Amino acid sequence: MSFHWGALIAAIASSLVGQVLLKAGAEGGTAQGVIEQLLRWQTVLGIGFYGAGALLYIMALRKIPMSVALPCTAASYAVIALIGWWFFQEPLGAQKIAAILLIIGGVALLATA
């Protein structure tokens with residue numbers, strides 16, 4: 001695997017971690033204002049992981065065509081649905097499972113093109 005594909009995978013992983021942290025930061029029993037929400041440690045870390053993911057994505061784009069790299073980031077949609085189900089008890093029905101399988105198939109087809 002080349003450095004650029006590694007950067008793309010790391011960008012996707014970093015964005016996933018950012019998503020989970022932002023969701024964790026959004027969870028909470030009390031209503032909060034925007035400033036309080038932005039200052040929660042989970043939100044701050046989530047934004048940091050998103051920023052790192054963007055930088056890694058830029059590195060990946062140096063050699064991977066955008067027409068391949070961007071659709072590969074769709075793999076995160078499949079993974080985040082599973083993370084939401086596992087960690088946040090979000091529903092995962094047959095329609096979502098079918099959509100996840102279609103996304104995975106499409107990403108695999110694009111990555112090998």
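Since we're looking at a predicted model, the values are computed, not measured. Scope of the values below: all heavy atoms of this structure, side chains included, with no hydrogens, waters or symmetry mates. For this chain, numbers begin at 1 and follow the sequence in order.
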Going only through I, L, V, M, F, W and Y residues with side-chain contacts under 4.5 Å, is there a path from Leu82 to Phe87?
-> yes
Donor-acceptor contacts under 3.5 Å from residues 102-110 side chains, at least two apart:
none

Which atoms form the tightest heavy-atom contact between Phe49 and Ser14, and what is the distance?
-> O-OG, 2.6 Å
Near Tyr77 OH, under 6.0 Å, is it more than 12 heavy atoms from other residues, nucleotides or ligands?
-> no
Shortest non-hydrogen separation from Ala11 to Gly53 and the atoms involved = CB-O, 3.3 Å
What salt bridge (Lys or Arg N to Asp or Glu O under 4.0 Å) pairs are there with at least one residue in residues 71-94, not counting sequence neighbours?
-> Lys23-Glu90
Rounded to the nearest 0.5 Å, what's the gap from CD1 on Ile80 to CH2 on Trp85? Could you check?
-> 14.5 Å
From CZ (Arg40) to CG (Leu22), nearest 0.5 Å | 11.5 Å
Excluding sequence neighbours, so at least two apart, what forms side-chain contact (heavy atoms from CB on, under 4.5 Å) with Ile97?
-> Leu92, Leu101
List in chain and number order the residues that pass side chain to side chain donor-acceptor pair (under 3.5 Å) with Gln19, two or more places apart in sequence or in another chain; answer none if no residue qualifies.
-> Tyr50
Distance in Å, Thr43 OG1 paired with Leu21 CG, rounded so as to fall on 0.5 Å steps | 8.5 Å
Does the side chain of Val79 come within less than 4.5 Å of Ile12's, by heavy atoms?
-> no
Non-neighbouring partners of Ser76 that pass side chain to side chain donor-acceptor pair (under 3.5 Å), sequence neighbours left out = none
Donor-acceptor list for residues 59-75 side chains, cut-off 3.5 Å, not counting sequence neighbours:
residue, atom, partner, partner atom, Å
Thr73, OG1, Leu70, O, 2.4

Do Val17 and Trp86 share a hydrophobic cluster (ILVMFWY, side-chain heavy atoms under 4.5 Å, transitive)?
-> no
Going only through I, L, V, M, F, W and Y residues with side-chain contacts under 4.5 Å, is there a path from Ile47 to Val44?
-> no
OH (Tyr57) and OG (Ser15) are apart, to the nearest 0.5 Å, by 10.0 Å
